[in-house]
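Read through the structure below, which is laid out as structure tokens, and then see the notes.
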Amino acid sequence: MIVFERGAKPEQVQAVEEELRAQGVETRRVRAAGKPVLHVLCGRVASPGKVFTHDAVEGIVATSGPRIRREGHRFYPYHALQWFAIWIVVVAVLVLLAGQLPPGIGIAIDLRTPPSEVVVPWYGRAATGFLALFPQSLSWLAWTVMVAVLALFVALPRLDRKADRPRLVVVGAVAALLFAIGWLAVGGAA
Amino acid sequence: MAAPANSGILSLARGALRAPIPHELRGDLGMSVLILALFLLQVFTGILLSLYYQPSPEAVSESMQFIMRDVSWGWLLRGLHHWVSSGLILVCCLHLARALWGARYRGREWYWYLGALVMVLVVVLSFTGELLVWDNQAYWVVREFLADIETIPFIGRGVADVVRGGSEVNASTLSRTWTAHALFAPWLVWMLLMSNLALIVRDMRRAWAGGA
């Protein structure tokens with residue numbers, strides 16, 4: 001947008017318009033806040049400095065390109081609509097799961113007879129699988145290792161502060177750890 | 001663009017809605033909002049379920065069956081509550097994995113600490129929720145879990161006794177599990193999520209002001 005000063009004459013606007021057209025820039029005239037404005041429809045203003053040689057030009061306001069890339073899109077409507085669509089999909093999947101795979105109610109508690117298989121929730125299987133690898137006498141070692149791994153994971157920002165360290169090293173190390181946990185989860189569950 | 005003026009909650013909200021979201025914060029904000037939305041859905045369904053759920057060993061089974069069979073949309077409420085808890089853990093995992101992949105924790109330690117804490121608390125919430133069904137499976141899961149906890153050196157037995165409310169898994173254990181599930185953990189998660197959002201808003205304001 002090329003904004004002119006309030007009270008700029010039509011011939012001043014036309015002079016800029018013709019200069020831009022000579023550069024292959026298509027524009028249209030509009031008014032905003034009582035000021036004449038040239039809206040750039042297509043093409044690129046190759047030399048904005050030349051435009052400013054016209055006394056009536058007040059400023060050039062970029063409405064796309066670098067400014068948007070730097071500042072980002074507004075929450076409303078851009079992100080709001082996108083997130084709302086994602087939310088609808090998430091809720092639809094959850095409702096589908098709730099309807100098709102509802103959680104059951106098991107049999108009443110029997111203090112003497114455990115179920116044939118005690119099913120630990122999926123997110124706890126890695127930990128119980130890991131504990132099961134150690135005999136009772138070495139359970140302290142299992143807990144020490146688990147607490148150490150958790151502490152290392154939480155303290156990662158303190159351990160990996162070098163901006164130039166290849167992130168693949170860190171990602172690889174954590175991926176290996178996750179693979180081990182997954183393997184333990186499957187093994188522990190089995 | 002200038003930051004919105006501090007003149008009332010409405011103008012702040014209006015300013016936040018109209019303000020551009022910097023690209024580097026778009027993903028963080030999106031994931032945080034998704035986690036917050038899932039958590040609020042959990043709170044909503046949890047409050048409705050708590051209207052009918054009775055946390056005493058004698059009445060649990062009956063109240064659960066009442067929710068599933070007699071309460072209008074009770075099956076949906078319980079189903080949603082059940083699946084959202086797993087979804088919440090998955091989304092938290094994704095959030096941390098995304099931070100890990102992009103090494104986004106570098107120089108933004110508090111985002112990582114808050115995310116890890118939320119993750120742990122969400123697992124606690126989900127696990128305590130599984131136990132509230134108080135059927136044979138849940139009973140033996142909690143017994144095995146506490147037996148594992150007892151093997152922690154030095155503090156294991158004490159922690160297990162606090163969770164159990166004595167030396168045996170009984171009504172006291174159920175009561176404590178219910179308190180942790182419905183009172184302590186949700187408030188902690190709420191405070192952590194709000195802190196996370198406050199961090200994002202702070203960084204957005206810095207970006208608007210042209211800072212780091």
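A quick note: this is a predicted structure, and the numbers were derived from the prediction, not measured. In what follows, every heavy atom counts, from backbone to side chain, and hydrogens, waters and symmetry copies are set aside. Below, chains carry the letters A, B, ... as their sequence lines are ordered, and counting in each starts from 1.
The distance from the CG atom of Asp110(A) to the OH atom of Tyr139(B) is 9.5 Å, given to the nearest 0.5 Å. Rounded to the nearest 0.5 Å, atoms CG (Leu111(A)) and CZ (Arg143(B)) are 7.5 Å apart. To the nearest 0.5 Å, the span separating OH on Tyr123(A) from OG on Ser126(B) amounts to 3.0 Å.
Neither the backbone nor the side chain of Arg108(B) comes within contact range of chain A; no heavy atoms are under 4.5 Å apart. Residue Glu109(B) touches chain A through both its backbone and its side chain, counting heavy-atom pairs closer than 4.5 Å. Interface residue Val33(B): only side-chain heavy atoms are found under 4.5 Å from chain A. Using a 4.5 Å cut-off between heavy atoms, Trp112(B) touches chain A through its side chain atoms alone. Contact of Ile67(B) with chain A is not made at all, since no heavy-atom distance falls under 4.5 Å. Neither the backbone nor the side chain of Met119(B) has a heavy atom closer than 4.5 Å to any heavy atom of chain A. Neither the backbone nor the side chain of Phe154(B) comes within contact range of chain A, judged by heavy atoms closer than 4.5 Å. Within the 4.5 angstrom heavy-atom criterion, no atom of Leu117(B) approaches chain A.
Considering only heavy atoms from C-beta on, Tyr113(B) comes within 4.5 Å of Arg158(A) through its side chain. Two residues are said to be in side-chain contact when any heavy atoms from C-beta on lie closer than 4.5 Å; Leu29(B) and Trp83(A) meet this criterion. Using a 4.5 Å heavy-atom cutoff, the side chains of Val120(B) and Val154(A) are not in contact.
Among residues 134-153 of chain A, the residues having any heavy atom closer than 4.5 Å to a heavy atom of chain B are, in sequence order, Gln136(A), Ser139(A), Trp140(A), Trp143(A), Phe153(A).
Counting heavy-atom pairs closer than 4.5 Å to chain A, the top residue among Ala116(B), Ser61(B), Gly30(B) is Gly30(B). Each of Ile152(B), Leu96(B), Leu80(B), Val169(B) has some count of heavy-atom pairs under 4.5 Å with chain A, and the biggest count is that of Ile152(B).
With a 6.0 Å radius and a threshold of 12 heavy atoms from other residues, nucleotides or ligands, Arg29(A) has its CZ atom above the threshold. The number of heavy-atom neighbours closer than 6.0 Å to CG of Asp70(B), taken from other residues, nucleotides and ligands shown, is above 12.
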Show me the donor-acceptor pairs within less than 3.5 Å that the side chains of residues 87-109 of chain A make with the rest of the protein, sequence neighbours left out.
none

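Remark: side-chain polar atoms of Gln137(B) are paired, donor with acceptor, to backbone N or O of Val119(A) under 3.5 angstrom.
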